[in-house]
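All figures in this text were calculated on a predicted structure; none of them were measured in a lab. Atom set for the values below is all heavy atoms of this structure, side chains included, hydrogens, waters and symmetry mates excluded.
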Amino acid sequence: MPDAFIWYHADDKLEAELMAWLDEAEAKAGVRGKLFIRKENEQTTFMETYSDVTSATIERIEKLAAETPLFANISRRCESFFEITP
């Protein structure tokens, strides 16, 4: 199964709310994500990662995000990859 990488630009002041979002996603989608942050050129990028998830789970996470007011003005980009290292 692939790993999912979901990234978006958001205000760094949303960090606590985004951590709470991970709890909500875990409760409703059954998978625990990790949250990463990068601050560069006066722009903050967050990335959620979910390991070893099905396409259906990725779709469920993105559907939940679309229904969450926190992401109303945030454009999420989701990509998935299969690990090929042994």
For side-chain contact (heavy atoms from CB on, under 4.5 Å), just list the numbers for I61 and R76, CA-CA rounded to whole Å, side-chain angles, deciding distance to a tenth of an Å, and then say yes or no.
CA-CA 11 Å; I61 292 166; R76 295 167 56 92; 4.0 Å; yes
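- The two residues L22 and G33 have their closest heavy-atom pair at CD1-O, 3.7 Å.
- We find the OG1-CD distance between T68 and E17 to be 11.5 Å, quoted to the nearest 0.5 Å.
- Between W21 and F71, the ring centre distance stays below 6.0 Å.
- In summary, E67 and K63 engage in a salt bridge, as defined by a charged side-chain N under 4.0 Å from a carboxylate O.
- Not a single donor-acceptor pair under 3.5 Å links the side chain of T57 to the backbone N or O of V53.
- In this structure, R38 CZ and T44 OG1 are separated by 10.0 Å, a value rounded to the nearest 0.5 Å.
- Across W7 and E79, no two heavy atoms sit closer than the pair NE1-OE2, 3.4 Å.
- A distance of 4.5 Å separates NE2 of H9 from OG1 of T45, quoted to the nearest 0.5 Å.
- Between M47 and F5, the shortest heavy-atom distance links the atoms SD-CD2, 3.8 Å.
- Taking the centre of each ring, F36 and F46 stay at or above the 6.0 Å mark.
- Interatomic distance, CD1 of I74 versus CG of L14, reported as 5.5 Å (0.5 Å rounding).
- In this structure, R77 forms no cation-pi arrangement with Y8, as its terminal cationic atom is not both closer than 6.0 Å to the ring centre and no more than 45° off the ring axis.
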Kindly indicate, with the supporting measurements, whether the criterion side-chain contact (heavy atoms from CB on, under 4.5 Å) is fulfilled by R60 and V31.
CA-CA 10 Å; R60 191 164 46 252; V31 63; over 6 Å; no
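- The nearest pair of heavy atoms linking M1 to F82 is C-CE2, 3.7 Å.
- D11 CG: more than 12 foreign heavy atoms inside a 6.0 Å radius.
- Distance NZ/K13 to CG/L18: 14.0 Å, rounded to 0.5 Å.
- Rounding to the nearest 0.5 Å gives a distance of 5.5 Å between CD1 of I58 and SG of C78.
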Take K34 and E48 through the side-chain contact (heavy atoms from CB on, under 4.5 Å) test and state the conclusion after the steps.
CA-CA 5 Å; K34 295 180 182 177; E48 299 168 28; over 6 Å; no
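- When all heavy atoms of L35 and E15 are compared, the pair lying nearest together is CD2-O, 4.5 Å.
- Within the 4.5 Å cutoff, the side chain of E59 has no heavy atoms near those of the T54 side chain.
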